[in-house]
Amino acid sequence: GAVVSQHPSRVICKSGTSVKIECRSLDFQATTMFWYRQFPKQSLMLMATSNEGSKATYEQGVEKDKFLINHASLTLSTLTVTSAHPEDSSFYICSPSGGKDYGYTFGSGTRLTVV
Amino acid sequence: QQQVKQSPQSLIVQKGGISIINCAYENTAFDYFPWYQQFPGKGPALLIAIRPDVSEKKEGRFTISFNKSAKQFSLHIMDSQPGDSATYFCAALWGGGKLIFGQGTELSVKP
């Protein structure tokens, strides 16, 4: 199956600073990258979709200037939370996609805590 | 039309029992229905998935039953074990490869 690596697993940052989260597809080429956010006891909510070499498409209500997504290669995508605030504290999960054959696997998630 | 409704919200089952989680959808354009298992602090892990041209799929103790006419599908966990205690999400795939998730079911298997 598809192997996904997401780092860091946990990060604590001060309010106003920026945090970068990396997601790598280790054994396949991810033409598309999905980024999700999950609040405690809630389901996964899609934040944005990016295709390699293109600008990301953001879901309604997600600020594109706050959540910067870079998908410069077929194996690496990054999500940068800029000027983080406590309300951005959440569990962020990536899902690189090479298509249905790869089963839509997920990274292990990043727990972001903004203090 | 893009929603996937999942029930129950929580479920307690005795060890060795059968756990059943149900999902319903409206959009007939959905063409792939995976189930995910998530442990606290971890990303979701794909358990089993089905396409709408199949009525049932079994992998080990996990079975998906799919009713296309009723637009419903369910996950059955046979011989449930304490290690199965986790949150389970159904999902449906639509245009552009986007997954729509159900609300999740917190399963607790008592020894």
Side-chain angles (χ1 to χ4, degrees), chain A residues 1-11 21 23-25 30-52 54 56-60 62 71 90-113, chain B residues 1-11 21 23-25 29-54 57 59-60 62 64 85-108:
Chain A
V3 181
V4 182
S5 175
Q6 183 174 343
H7 293 282
S9 58
R10 289 176 175 268
V11 58
I21 302 169
C23 183
R24 295 179 184 272
S25 53
T31 53
T32 303
M33 182 69 74
F34 300 98
W35 285 95
Y36 293 82
R37 178 167 54 184
Q38 185 179 33
F39 292 107
K41 300 289 187 180
Q42 293 189 23
S43 188
L44 285 79
M45 297 300 295
L46 180 65
M47 297 175 63
T49 305
S50 70
N51 294 303
E52 185 260 341
S54 301
T57 302
Y58 293 82
E59 297 299 304
Q60 190 173 8
V62 178
H71 190 174
S90 188
F91 193 54
Y92 293 88
I93 315 170
C94 65
S95 179
S97 173
K100 293 179 185 177
D101 291 341
Y102 295 92
Y104 295 95
T105 53
F106 288 80
S108 53
T110 297
R111 172 70 61 193
L112 170 63
T113 304
Chain B
Q1 286 76 9
Q2 303 306 334
Q3 288 185 340
V4 177
K5 296 182 179 180
Q6 183 174 345
S7 63
Q9 186 175 354
S10 63
L11 180 62
I21 304 170
C23 285
Y25 65 97
F30 292 151
D31 62 356
Y32 176 74
F33 300 88
W35 283 89
Y36 290 90
Q37 179 190 59
Q38 186 179 32
F39 292 104
K42 302 294 184 183
L46 179 65
L47 262 182
I48 187 172
I50 198 167
R51 300 195 190 280
D53 54 347
V54 177
K57 184 175 182 180
E59 289 184 1
F62 301 93
I64 299 178
S85 297
T87 300
Y88 293 80
F89 292 95
C90 63
L93 182 72
W94 71 292
K98 296 183 180 181
L99 282 172
I100 307 297
F101 284 86
Q103 295 79 4
T105 297
E106 192 170 351
L107 172 65
S108 178

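First the proteins, then the strands, lettered A, B, ... as listed; each starts at 1.
- Looking at every heavy atom in both residues, B:Gly102 comes nearest to A:Ser43 through O-OG, 2.6 Å.
- Contact check for B:Phe101 versus A:Gln38: no side-chain heavy atoms found under the 4.5 Å cut-off.
- The distance from the OH atom of B:Tyr36 to the CZ atom of A:Phe106 is 4.5 Å, given to the nearest 0.5 Å.
- Of all the listed residues (B:Gly41, B:Ala91, B:Gly104), the one sharing the greatest number of non-hydrogen pairs under 4.5 Å with chain A is B:Gly41.
- Applying the 6.0 Å contact sphere to CD of B:Glu106 captures no more than 12 heavy atoms from other residues, nucleotides or ligands.
- The most heavy-atom pairs under 4.5 Å with chain A, out of B:Gln9, B:Lys98, B:Gln6, come from B:Lys98.
- Applying the ring-ring contact (aromatic ring centres under 6.0 Å, His included) criterion to A:Tyr92, with sequence neighbours excluded, gives no partner residue.
- With contacts defined as side-chain heavy-atom distances shorter than 4.5 Å, the pair B:Leu99/A:Phe34 does not qualify.
- No other option in A:Ile93, A:Leu44, A:Leu46, A:Thr49 has as many heavy-atom pairs under 4.5 Å with chain B as A:Leu44.
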